[in-house]
> 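So that we are looking at the same thing, I have put the structure below in structure tokens.
Naming convention: chains lettered A, B, ... in sequence-line order (proteins, then strands); numbering from 1 in each chain.
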There are 2 protein chains.
Amino acid sequence: MDKNIPEIYALLQDLSWYFGNQGFNSICCEELTLVEYMALKKVYDTQNITIHELGESLNVTKSGISKIIDRLENKSQVSREYSSTDGRVCCVVPTEKGKAEIHKISKRFSDYLYEILGDLGEESLQNIKDSLALLFMAIQEKGYIKPD
Amino acid sequence: MDKNIPEIYALLQDLSWYFGNQGFNSICCEELTLVEYMALKKVYDTQNITIHELGESLNVTKSGISKIIDRLENKSQVSREYSSTDGRVCCVVPTEKGKAEIHKISKRFSDYLYEILGDLGEESLQNIKDSLALLFMAIQEKGYIKPD
DNA sequence: TCTTATAGTTGACAACGGAAACTAAATATG
DNA sequence: CATATTTAGTTTCCGTTGTCAACTATAAGA
């Protein structure tokens, strides 16, 4: 195995800490937890996504995702709309408030990154973005790490 | 602001999900939660680190980190050693089992990454590593995102 | 029609981390 | 030296969270 791979792993793990719960909790995002934000983002990015699909996408059980959507709905960030073609299925859509929240949080973090990376040239930024995009696509295709 | 920055943020956030609790929980890591693993890794990487420093480093309150170390100690992954020069201070050191666990988890994730990235050439891997290292150093220097 | 599968919700439960109160040791001040 | 203050860490209480299992309801299959 290329010796770079364990180092890439270690860096990813450490970086993830900053963008995971620990970095996220203490922030401007007011009333959203990380998992709520991730769910909201997924709802925002995907038309008519079902609760079932949301759970799979976030690697949360169906009862877990149901409660996450409960909380988002109580906070008026999303609303449930039952499918007219399949009475079992519940689609989730973002409210206007939810859409605004997404933009706000994204901007907050982008500002933070800008303070950090603003000095780099566009070429470096492009390079970083390409590396991350490559990683993400590969990992998304592979799916979550599964138990042995 | 460079248009790449919001995209870098979005990619980092999504990647972090895979290396955060959601990706981590369902895995080979048996008896460790993510925050326990992060604490163990920090203990492993830092000689004679104190509980106080651990909490700061992981952005956890002192009561929180105290309990995390409790759990790691109950699992025989670390041990507390009170400082001889300052009776208040409690240094944490990894046990042999703890060291082995670090290697095991790191290998598990590296194997996963290898399945994903193994086809890339060394140059690409080096490039990804450099990008991540640059990001991580910058973010570490900046520290956790603070409330407004 | 009757059975089975699927989507989602609910209740009980345990894990987790924060706030505040607490102990104990070190340092500062007079 | 004596007392006050600061610092390190622990413990208790508590609210939040997500899972499991049981449940309802709708759809699909035999």
> Side chain of B/Thr33, heavy atoms from C-beta onward: which of D/dT11, C/dC16, C/dT10 has the nearest atom to it?
C/dC16

> Return the value, rounded to whole Å, for the distance between atom CD1 of B/Ile51 and atom P of D/dT7.
18 Å

> Whether A/Ser66 contacts C/dG8 is assessed here as follows: a side-chain N or O lying under 4.0 Å from the phosphate OP1 or OP2. Is that the case?
no

> Round to the nearest Å and state the distance from B/Arg88 atom CZ to D/dT7 atom P.
9 Å

> Identify, between A/Ile65 and A/Thr85, the residue whose nearest nucleotide on DNA chain D lies closer to the 5' end.
A/Ile65

> Tell me the interatomic distance from A/Asn59, atom CG, to D/dT17, atom P, rounded to whole angstroms.
19 Å

> Can you tell me if A/Arg80 touches the phosphate of C/dT9, counting only side-chain N or O atoms and a distance under 4.0 Å to OP1 or OP2?
yes

> May I ask you to decide whether A/Lys42 forms a salt bridge with A/Glu53, counting only side-chain N to carboxylate O separations under 4.0 Å?
no

> Nearest nucleotide by nearest heavy atom, which residue falls closer to the 5' end of DNA chain D, A/Gly64 or A/Asp86?
A/Gly64

> Less than 4.0 angstrom between a side-chain N/O of B/Arg71 and OP1 or OP2 of C/dA15, yes or no?
no

> According to the interplanar angle, ranging from 0 to 90°, do the rings of B/Phe109 and A/Tyr9 count as parallel (below 30°), tilted (30 to 60°) or perpendicular (above 60°)?
parallel

> In whole Å, I'd like the distance from the CD atom of B/Glu53 to the P atom of D/dT7.
15 Å

> Round to a whole Å and report the spacing from CG of A/Leu34 to P of C/dG17.
14 Å

> To check you understand the geometry: which heavy-atom pair defines the closest contact between B/Arg80 and B/Ser66, and what is its length?
NH2-O, 3.2 Å

> Quick check: is B/Tyr37 connected to B/Leu113 through a chain of hydrophobic side chains (ILVMFWY, heavy atoms under 4.5 Å apart)?
yes

> Rounding to a whole Å, what distance do you find between A/Asn21:CG and D/dG18:P?
9 Å

> Would you mind reading off the distance between A/Ile69 atom CD1 and C/dT9 atom C1', rounded to a whole angstrom?
13 Å

> Nearest whole Å is fine: how far is D/dG9 C1' from B/Ile49 CD1?
15 Å

> Per the atom types in the model, does the base of C/dG17 pair as donor or acceptor with the side chain of B/Lys62 at under 3.5 Å?
no

